[in-house]
Amino acid sequence: MPNFIDRRLNPKDKSLGNRQRFLRRARDELKRAINDRVRSGKIETADQDQIIPIPRKGISEPTFQRAPHSGHREDVLPGNKTFGTGDRIPRPAAGGGKGSDPSSSGDGADDFQFVLSRGEVLDLFFEDLELPDLVKHNLKEVVTFRPRRAGFTMSGNPTSISVGRTMFNSFGRRIALRRPKQAEIDELAAELKKLEGERRPSAATQQRIAVLRVDLATLARRRKLIPYIDPIDIRFNRFEPQPVPNANAVMFCLMDVSGSMGEREKDLAKRFFVLLHLFLKRRYEKTDIVFIRHTHEASEVDEDTFFYSTQSGGTVVSTALEEMLRVIRERYPSKDWNIYAAQASDGDNIPNDSERCVSILDKTLMRLCQYYAYVEIIDERESEMFRHADNGTSLWNAYREVSAEWPNFAMTRIAKPSDIYPVFHELFAKAPAPAKRG
């Protein structure tokens, strides 16, 4: 069995193996710290590099040591001028030991700060999760194709002729078949013309003229039989369709900002939006975020206005869906973008508007979205009663029809911050079946 020894240096002279072992040992502490920071941070900065403080006790490494009270050994301590055989060594004074407690002497054990890269942060945060319906059509990541050069072919479109390859083949064929050059024919013709211009040609000249005429006829015939470009020389550029992953995703955040949505509800919604955004950025090269808030009217706003600006008015949920559809048609065509949506609401809606919401989702939006998640924020005192109950608000009951019809539509209820991560895992642990494209 061969043995391979890799003597290449690690990046920046750091041991990647030791770093991974450290991450495995301190995984629980790191995950706790990351979860806390993501929940309290902004959506755009949640996936940046993180500096995580870790207690000193969490980074100790196991070592082999000799048992102090067993075995037989003799120690030689060079440089001893104070003690002799049989002397007793006094116990050290208190206060100079290790630990995080303050002391007047000795070294303390402060927290250790470890820098996690973006990839490590996301790997820890989304451990054991799978993205839902990441790509368009039949759960495949590849959705588009582009032509890729794949050599040459003898047939094809005239516009795809490879001039260089064609001339290369023509040149090689003419050399192999010894096609006469025009310069050679011109030289013989000039000589023949000169000899024929003599007034009294000799017998040798007449014989040379006859030979030149035969040679010129032979060369002209060979030149016609061996064309400059033959059909067998022509080559066309060959292209094959290469699958290209759709690296663009857009995340629509829809939220009710009417008076019924207080700070607690908005905070829970923000935490869920942060998780979904990080989840998508882990997979897609480019992820846009569109914030749509609504009362009785809906509008696209920036992040600060979405979460922190106050607005009064009633609640008409269908206006947010119509605004989302407008933005998709103007900037995010479904053939170029993977569209995800997350809607947060307390379930309030005016009478008869819930049916309109179902109509918009069923006829249009669900055919465009890769995944649509509806999170209804309920009162914490009623969480156990209503989280999995069949009864609910008018919007909840209406959305149940959409959930039954479309596998890429998920809905759930949350009541407190500790519900966010379990609910997120429940929504996205399993990829749904391909969306109906009717």
Side-chain angles (χ1 to χ4, degrees), residues 31-47 125-126 129 132 251-281 289-295 298 301-313 315 317 320-321 324 340-349 357 371-389 391-400 403 409-429:
K31 288 181 68 174
R32 181 196 60 78
I34 290 173
N35 289 340
D36 293 341
R37 293 197 176 190
V38 169
R39 289 173 180 174
S40 60
K42 294 181 68 66
I43 291 180
E44 293 292 346
T45 61
D47 62 338
F125 195 74
F126 296 114
L129 291 178
M251 168 182 156
F252 284 87
C253 300
L254 288 73
M255 185 171 65
D256 178 13
V257 294
S258 61
S260 59
M261 288 284 288
E263 292 300 325
R264 182 187 73 90
E265 288 79 7
K266 291 182 179 180
D267 179 68
L268 292 176
K270 178 184 178 182
R271 294 169 187 260
F272 183 79
F273 292 147
V274 168
L275 292 177
L276 178 58
H277 179 252
L278 290 177
F279 214 47
L280 296 180
K281 287 194 69 175
I289 311 177
V290 178
F291 297 98
I292 298 177
R293 68 173 191 169
H294 72 92
T295 53
V301 296
D302 56 30
E303 183 176 354
D304 290 338
T305 304
F306 184 78
F307 286 112
Y308 305 114
S309 179
T310 59
Q311 185 176 1
S312 60
T315 303
V317 178
L321 302 181
M324 175 181 170
Y340 292 80
Q343 179 183 358
S345 173
D346 59 355
D348 288 346
N349 197 12
C357 294
Y371 203 72
Y372 195 108
Y374 171 68
V375 177
E376 187 167 290
I377 303 172
I378 59 179
D379 194 305
E380 188 172 354
R381 294 169 296 181
E382 302 173 346
S383 60
E384 296 300 328
M385 182 183 303
F386 290 106
R387 183 179 291 117
H388 302 291
N391 60 327
T393 62
S394 61
L395 188 61
W396 176 268
N397 294 330
Y399 276 180
R400 288 177 59 191
S403 179
F409 185 94
M411 53 189 299
T412 189
R413 289 165 170 165
I414 59 177
K416 53 184 181 298
S418 59
D419 293 337
I420 296 291
Y421 193 78
V423 165
F424 189 77
H425 185 280
E426 178 183 350
L427 289 178
F428 297 107

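Leu395 and Gly347 make their closest contact through CB-O, 3.6 Å (heavy atoms, listed as atom of the first residue, atom of the second, distance). The two residues Phe273 and Ala342 have their closest heavy-atom pair at CE2-O, 3.4 Å. Nearest heavy atoms, Phe252 versus Ile292: CD2-CD1, 4.0 Å. Between Leu268 and Ala415, the closest heavy-atom pair is CD1-O, 3.7 Å. For the residue pair Glu376 and Thr393, the shortest heavy atom distance occurs at OE1-OG1, 3.1 Å. Closest heavy-atom contact between Gln343 and Tyr399: OE1-OH, 3.0 Å.
Ser345 meets the side-chain hydrogen bond (donor to acceptor under 3.5 Å, both in side chains) test with no other residue; sequence neighbours excluded. Partners of Ser258 according to the side-chain hydrogen bond (donor to acceptor under 3.5 Å, both in side chains) rule, which considers only residues two or more places apart in sequence or in another chain, are Asp256, Ser260, Thr315. Residues passing the salt bridge (Lys or Arg N to Asp or Glu O under 4.0 Å) test with Glu265, sequence neighbours excluded: none.
In this structure, Tyr372 and Phe409 have parallel ring planes: the angle between them is below the 30° cut-off, well short of the 60° mark.
Side chains of Asp302 and Thr305: a donor-acceptor N/O pair is present below 3.5 angstrom, by distance only.
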Would you please test His294 and Leu254 for side chain to side chain contact (heavy atoms under 4.5 Å, CB included) and show each step? CA-CA 8 Å; His294 72 92; Leu254 288 73; 5.5 Å; no

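Between atom CG of residue Asn349 and atom OG of residue Ser394 there is a gap of 5.5 Å, rounded to the nearest 0.5 Å.
Using a distance-only test at 3.5 Å, with no hydrogens or angles considered, no donor-acceptor pair links the side chain of Asp346 to the main chain of Ile377.
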